[in-house]
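Worksheet: one structure, shown below.
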Protein chains: 4
Amino acid sequence: MSVQTRGRLLRAAKKVFSEKGYYNAQISHIIDTAGVARGTFYLYFKSKEEILKEILKEVVSELRVRIKVIDLKRDPVDQIVENIQRVLDFALEEKELARIVLQRNCDPKLFSTIEEFFDEVTSMVENSLRKGIDLGLLRECDTSVLAKALIGAVKEVIVGLLDKKDVDTKKVARDLVDLGLRGIWKGGESYGGFRAV
Amino acid sequence: MSVQTRGRLLRAAKKVFSEKGYYNAQISHIIDTAGVARGTFYLYFKSKEEILKEILKEVVSELRVRIKVIDLKRDPVDQIVENIQRVLDFALEEKELARIVLQRNCDPKLFSTIEEFFDEVTSMVENSLRKGIDLGLLRECDTSVLAKALIGAVKEVIVGLLDKKDVDTKKVARDLVDLGLRGIWKGGESYGGFRAV
Amino acid sequence: MSVQTRGRLLRAAKKVFSEKGYYNAQISHIIDTAGVARGTFYLYFKSKEEILKEILKEVVSELRVRIKVIDLKRDPVDQIVENIQRVLDFALEEKELARIVLQRNCDPKLFSTIEEFFDEVTSMVENSLRKGIDLGLLRECDTSVLAKALIGAVKEVIVGLLDKKDVDTKKVARDLVDLGLRGIWKGGESYGGFRAV
Amino acid sequence: MSVQTRGRLLRAAKKVFSEKGYYNAQISHIIDTAGVARGTFYLYFKSKEEILKEILKEVVSELRVRIKVIDLKRDPVDQIVENIQRVLDFALEEKELARIVLQRNCDPKLFSTIEEFFDEVTSMVENSLRKGIDLGLLRECDTSVLAKALIGAVKEVIVGLLDKKDVDTKKVARDLVDLGLRGIWKGGESYGGFRAV
DNA sequence: AATGAATGAGTGTTCATTCAT
DNA sequence: TATGAATGAACACTCATTCAT
């Protein structure tokens with residue numbers, strides 16, 4: 001077992017999956033990209049499905065590293081911003097992975113690893129919201145809905161960033177947190193006179 | 001050409017696509033569900049791809065009906081809430097369609113109809129944001145990022161609602177608008193002391 | 001049973017078969033060309049194969065009319081020329097039929113009618129050759145080979161004429177007979193010094 | 001890519017095409033005859049159409065080898081006889097190929113290779129005829145008609161030979177050339193008293 | 001550790017034919 | 001006499017996987 005060959009296959013698969021999506025990706029594409037014989041593929045991975053899951057596992061474990069638990073001794077908002085920024089940075093460093101995870105979540109069975117991770121993160125956010133409400137810092141709200149909204153916002157923004165260059169991830173992270181915390185309304189509590197859309 | 005048969009095929013395809021995803025869906029599944037012979041399918045649709053596109057077109061045209069242009073004589077916030085509510089209602093009335101559109105956006109080529117529509121809606125939102133800023137109602141912000149964030153929030157929330165029963169769509173729509181406009185922060189402008197996540 | 005409808009179908013089939021060949025011709029093409037419903041086709045013909053055979057029968061019976069038995073009281077060469085000319089005229093009047101018969105003789109089973117007819121004509125020619133030899137008019141030769149050669153020559157020439165306009169069939173018929181009887185050699189019996197090709 | 005397997009497939013296809021014709025030939029027949037799995041076929045040939053074209057190309061290239069340019073230093077008539085003999089020999093060595101090429105020229109698109117080759121040979125013959133006329137060796141005649149007639153004669157004769165055994169190809173070739181050069185008429189220039197057919 | 005020829009189950013699509021109206 | 005919606009057997013082609021070398 002050569003670690004190099006395994007690495008080449010993984011890299012090739014990331015590229016091919018991100019470009020064509022799982023179903024349109026063929027083993028032929030992957031081995032051609034990796035410069036490896038057909039049989040070699042099955043020396044390292046049991047199946048096409050397995051190499052995808054391997055890749056998804058990597059993504060999840062990397063995200064687990066980048067999303068750090070909030071340290072209560074420091075300003076939590078700063079830490080939320082930093083967490084989001086690190087996620088954005090990862091997405092932009094590994095655009096192919098981001099594309100696989102965010103744009104082509106075809107089959108729930110295949111992407112269960114990812115879905116479960118997202119569910120987990122959503123739960124974390126939901127718990128945080130509840131804590132904030134209990135502490136009187138956040139408004140009373142449907143935490144289950146709001147948690148999903150926040151996650152969805154981040155996901156969609158990342159997809160949008162994948163095609164851009166020289167993104168200021170810190171700023172984007174701040175904007176997102178700002179949106180979540182303060183909203184976009186300027187004039188305080190009441191917005192009865194809003195005239196747009 | 002019988003409108004009934006066409007309808008049965010469309011209904012069957014929605015069901016099968018939503019349950020299995022486009023690639024795992026087989027013509028056999030569709031025609032078995034529709035209770036129709038194999039040849040009949042191709043009497044009404046040129047290919048598996050075409051029936052999917054037909055379905056996506058329907059979704060888009062229904063969404064276009066439900067998302068109404070803001071009437072400047074009435075409170076725009078109310079109208080935004082109503083628009084979102086109508087979209088949520090549609091998603092819950094046609095859960096299968098929602099699942100197809102939101103969970104299995106596999107292949108950009110196949111789902112271009114949908115992607116284009118979402119791009120369009122995102123642009124609408126972005127324009128509204130700009131107007132609001134110009135009128136001094138909304139805070140200065142990166143409209144392109146925020147528009148995506150808002151769309152992403154709604155999408156993710158819808159996905160979350162698909163498995164729930166007796167959803168109060170009006171309340172969810174209000175919560176979403178509230179999140180977008182006021183944020184979740186209770187204590188006014190500054191949130192330096194937040195202690196959560 | 002309307003004779004008109006039957007005629008329309010036959011005409012349509014001739015056109016379609018000659019343009020696309022038997023296998024590429026579809027019932028759809030025929031009924032569209034005939035301006036008749038699908039079911040109507042099967043009211044008049046048992047199958048696609050049957051309508052082809054019907055057409056081939058027509059060809060054969062028409063050829064039987066045009067190829068007249070040699071009347072020994074008149075110059076036989078003149079009559080051979082006339083026979084060939086009438087065949088050429090038929091081919092040019094009914095180019096579609098000629099194309100079906102001569103260019104697309106795909107399947108021996110399908111075209112047995114035609115093959116049998118050609119075999120029959122070949123036999124006729126062979127018998128005539130033998131008679132001519134017995135009478136001392138024609139050279140000793142392998143009649144079976146020569147008969148085929150003569151038939152083949154006529155067939156190929158007809159195919160060549162189908163794309164031409166204003167063909168002088170009388171002249172072509174004479175040229176063919178001349179070729180068969182005298183050959184193309186100018187200088188009598190010996191041609192040892194030929195210098196061409 | 002194994003040359004052997006490719007060869008087995010080609011041989012099998014020749015057999016099947018010649019027995020059933022292109023349209024009635026199924027991939028199943030070919031692979032069963034070749035003793036090879038379905039997928040293997042597509043490893044060597046893109047499609048059913050492609051393997052046919054491959055076969056036709058082979059035929060044409062073999063014919064190009066066997067039909068030699070006339071060497072002006074030797075007796076051209078001898079060389080014409082030899083050319084025809086070599087073509088007859090090839091047809092009898094590879095009866096299957098001959099059947100494919102001569103009996104089942106179904107679809108102009110499929111058989112374009114062959115048609116073009118025949119057109120080419122026809123042109124060659126036509127040019128030779130013109131030269132012969134210019135040199136005063138051959139009678140004035142419609143070279144375009146005569147060239148086709150000669151080619152047609154050879155084709156039809158070959159078809160006739162396919163079912164025979166122990167054919168003396170040299171003799172047949174001579175008979176054909178004799179027919180073309182001298183005709184079958186015994187009594188010199190005039191044949192007004194012919195009494196046959 | 002690597003190769004690549006071979007496999008064969010699986011699937012979308014076609015099209016001649018039927019039959020209820 | 002005519003219609004056209006429905007049928008389903010048939011077939012070309014794909015591609016993940018295996019295995020002898």
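A note on names: the letters A, B, ... follow the listed sequences, proteins ahead of strands, and every chain is numbered from 1. If you're wondering where the values come from, they're calculated on a predicted model, not measured in any experiment.
Taking NZ of D:Lys15 as the start and CZ of D:Arg99 as the end, the distance is 11.0 Å to the nearest 0.5 Å.
As a whole-Å value, the separation of B:Glu49 CD from E:dT11 P is 18 Å. When the C1' atom of F:dT14 is taken as reference, atom CD of B:Gln26 falls 14 Å away, rounded to whole Å. Note: CD1 (C:Ile27) to P (F:dG4) measures 16 Å, nearest angstrom. If you measure from atom CG of A:Leu52 to atom C1' of F:dA16, you get 15 Å, rounded to the nearest angstrom. Going from atom CZ of B:Phe41 over to atom P of E:dG12 covers 9 Å, rounded to whole Å. Between the CZ atom of A:Arg6 and the C1' atom of E:dA2 there is a distance of 17 Å, rounded to whole Å. When rounded to the nearest whole Å, the span between CZ of C:Phe45 and C1' of F:dA2 equals 15 Å. Separating the CD1 atom of A:Ile30 from the P atom of F:dC15 is a distance of 13 Å, rounded to the nearest angstrom.
Checking the phosphate oxygens (OP1, OP2) of E:dT17, a side-chain nitrogen or oxygen of C:Tyr42 falls inside 4.0 Å. In this structure, A:Thr40 reaches the E:dT3 phosphate: one of its side-chain N or O atoms is under 4.0 Å from OP1 or OP2. Within the structure, a side-chain polar atom (N or O) of A:Tyr44 is placed less than 4.0 Å from OP1 or OP2 of E:dA2.
No hydrogens or angles considered: a donor-acceptor pair under 3.5 Å links the side chains of C:Ser28 and C:Arg38.
Summarising the geometry of D:Ala34 relative to D:Leu9, their closest heavy-atom pair is CB-CD2, 3.9 Å, with the distance given to 0.1 Å.
In this structure, D:Ala25 and A:Ala25 both approach DNA chain F, and ranking their closest nucleotides by distance from the 5' end singles out D:Ala25. For A:Val36 and D:Thr5, each mapped to the nucleotide of DNA chain E holding its nearest heavy atom, the one lying further toward the 5' end belongs to A:Val36. Two residues, D:Lys48 and C:Ala37, neighbour DNA chain F, and the one matched to the more 5' nucleotide by heavy-atom proximity is C:Ala37. Mapped onto DNA chain E by nearest heavy atom, B:Ser28 and C:Lys46 fall at different nucleotides, with B:Ser28 at the one closer to the 5' end.
For B:Lys155 and B:Phe118, the positive end sits near the middle of the six-membered ring, less than 6.0 Å away and at most 45° from its axis.
Residue-environment remark: CD (C:Gln4) stays at or below the threshold of 12 foreign heavy atoms within 6.0 Å.
Judged by distance alone, with hydrogens and angles left aside, B:Arg38 brings no side-chain donor or acceptor close enough to the base of F:dT7 to form a pair under 3.5 Å.
Residue A:Leu43 has its side chain nearest to E:dT3 when only E:dT11, E:dT3, F:dA12 are considered.
Salt bridge annotation for D:Glu54-D:Arg6: present, with a cationic side-chain nitrogen under 4.0 angstrom from a carboxylate oxygen. By the 4.0 Å N-to-carboxylate-O rule, D:Lys14 lies close enough to D:Glu58 to be salt-bridged with it.
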Handout entry: Dot-bracket pairing map - DNA chain E, Watson-Crick plus G-U, both contacts under 3.5 Å, | cross-strand
Key = .||||||||||||||||||||
